[in-house]
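This report concerns only the one structure given below.
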Amino acid sequence: MYYARWKTRVRDHARKLLEKHIKKPFFDARYGGSVERMSKDEFEEGKEWLNESFHLIRCEDDCLPSIDWVLNLAKAAVLRHGVRGLVIDPYNELDHQRPPNQTETEYVSQILTKIKRFAQHHSCHVWFVAHPRQLHNWTGAPPNMYDISGSAHFINKCDNGIVIHRNRDPDAGPVDVVQVCMKKVRNKVIGQIGDAFLTYDRITGEYKEADEAIVAKVVKQQIRQKSTSYQR
């Protein structure tokens, strides 16, 4: 797996991956509760797993990385390390200096075409992370692919469109439930449109399938939110 990520520091990103892999907290801190901290031997084993499984792209100087810069490094990783997965996270941290005569829609279309060509040519999965724009009169329900800041091309050109949503209002339902919304599937062999609900383990950072009672509670709350928004 190859990560092009800028929002999280390298140490923090590695710690989170280690906690998921070893299923123990890295620090002897409050969030770990009564769970035993990972041992030194587990830490060393985890580092080997990280080195074998992940490669991280970082732009350490003051300039912002362009999509061409990311894809050129990813190409080298494919050829050198046999990488078969690339995560670009997030879109708004890339350098977006488009020509004056080019619209944002045309620019986004061009970027997505480059990414798709890279994925097809190098047989490499690419996960391109983008955030929704500021939503007016938002009721807390999951956004859709057309809410992504930039262009509708994000849903028009992608092969699979996935929305990750988490409730942040304790009064609106459980805050440790993550909703994975499959909004688009180009190839039916991959799967189908629908939602999955996962619970978040704060100690290890793991996600597990939510039980039926929690799912029913979340769905009921979302129906209530939609009803409220229609009445407005």
Side-chain angles (χ1 to χ4, degrees), residues 1-58 81 83-91 93 124-132 140-143 160-183 185 190-222:
M1 180 70 73
Y2 210 44
Y3 271 97
R5 187 162 188 172
W6 301 277
K7 291 182 68 175
T8 307
R9 293 187 303 176
V10 175
R11 289 183 178 180
D12 291 336
H13 198 55
R15 171 182 57 78
K16 293 176 181 179
L17 290 171
L18 282 174
E19 289 179 335
K20 288 176 172 62
H21 176 64
I22 298 175
K23 298 179 174 56
K24 290 182 179 180
F26 183 85
F27 292 112
D28 186 15
R30 184 182 303 172
Y31 76 87
S34 59
V35 177
E36 180 185 2
R37 181 186 183 186
M38 70 178 68
S39 67
K40 184 176 181 181
D41 289 340
E42 289 171 330
F43 172 66
E44 293 299 328
E45 181 273 327
K47 286 199 301 182
E48 292 183 10
W49 171 77
L50 279 177
N51 289 331
E52 293 172 356
S53 305
F54 299 94
H55 302 273
L56 194 65
I57 298 176
R58 297 288 295 184
H81 305 294
V83 167
R84 288 293 173 260
L86 169 65
V87 180
I88 304 175
D89 180 16
Y91 161 75
E93 292 288 338
C124 180
H125 292 282
V126 179
W127 290 266
F128 194 28
V129 180
H131 298 296
N160 300 291
I162 306 172
V163 173
I164 307 297
H165 172 70
R166 180 167 69 87
N167 171 48
R168 297 180 181 275
D169 182 4
D171 296 329
V175 295
D176 62 341
V177 176
V178 176
Q179 185 172 354
V180 182
C181 311
M182 201 71 187
K183 295 294 188 180
V185 180
I190 301 299
Q192 62 185 9
I193 292 174
D195 294 350
F197 296 87
L198 308 175
T199 56
Y200 177 68
D201 186 333
R202 190 167 183 266
I203 296 174
T204 64
E206 288 184 284
Y207 291 90
K208 302 176 182 178
E209 187 174 358
D211 61 46
E212 293 182 0
I214 292 178
V215 173
K217 185 176 181 179
V218 174
V219 172
K220 183 178 180 180
Q221 180 60 34
Q222 290 183 355

What one should report as the nearest heavy-atom pair of His13 and Leu56 is CD2-CD1, 4.1 Å
Taking all heavy atoms of Gly46 and all of Ile22, pick out the closest pair and write down the distance. CA-CD1, 4.3 Å
Please give me the minimum heavy-atom distance between Ile193 and Lys183, naming the atom from each residue. CD1-O, 3.7 Å
Would you call the rings of His21 and Trp49 parallel, tilted or perpendicular, taking 30° and 60° as the class edges? parallel
Ignoring hydrogens and geometry, is there a side-chain-to-backbone donor-acceptor pair from Glu19 to Phe26 under 3.5 Å? yes
Are the side chain of Lys20 and the backbone N or O of Gly205 linked by a donor-acceptor pair below 3.5 Å? yes
If I take atom CG from residue Asp176 and atom CG from residue Asp201, how far apart are they, to the nearest 0.5 angstrom? 9.5 Å
Please step through side chain to side chain contact (heavy atoms under 4.5 Å, CB included) for the pair Arg15 and Phe27, ending with a clear verdict. CA-CA 9 Å; Arg15 171 182 57 78; Phe27 292 112; 3.3 Å; yes
Straight-line distance of Ser53 OG to Leu17 CG, nearest 0.5 Å: 9.0 Å
Please check if the number of heavy atoms outside Glu44 that lie under 6.0 Å from its CD is greater than 12. yes
Which heavy-atom pair separates Gly191 from Val185 by the least distance, and what is that distance? O-CG1, 3.5 Å
Rounded distance (nearest 0.5 Å) linking atom CD of Glu93 with atom NE2 of His131: 8.0 Å
Applying salt bridge (Lys or Arg N to Asp or Glu O under 4.0 Å), can you list everything that pairs with Glu42, at least two apart in sequence or on another chain? Lys24
Would you give the length of the straight line joining atom CG of Leu86 to atom CZ of Arg84, rounded to the nearest 0.5 angstrom? 12.0 Å
Shortest non-hydrogen separation from Asp195 to Met182 and the atoms involved: OD1-N, 4.2 Å
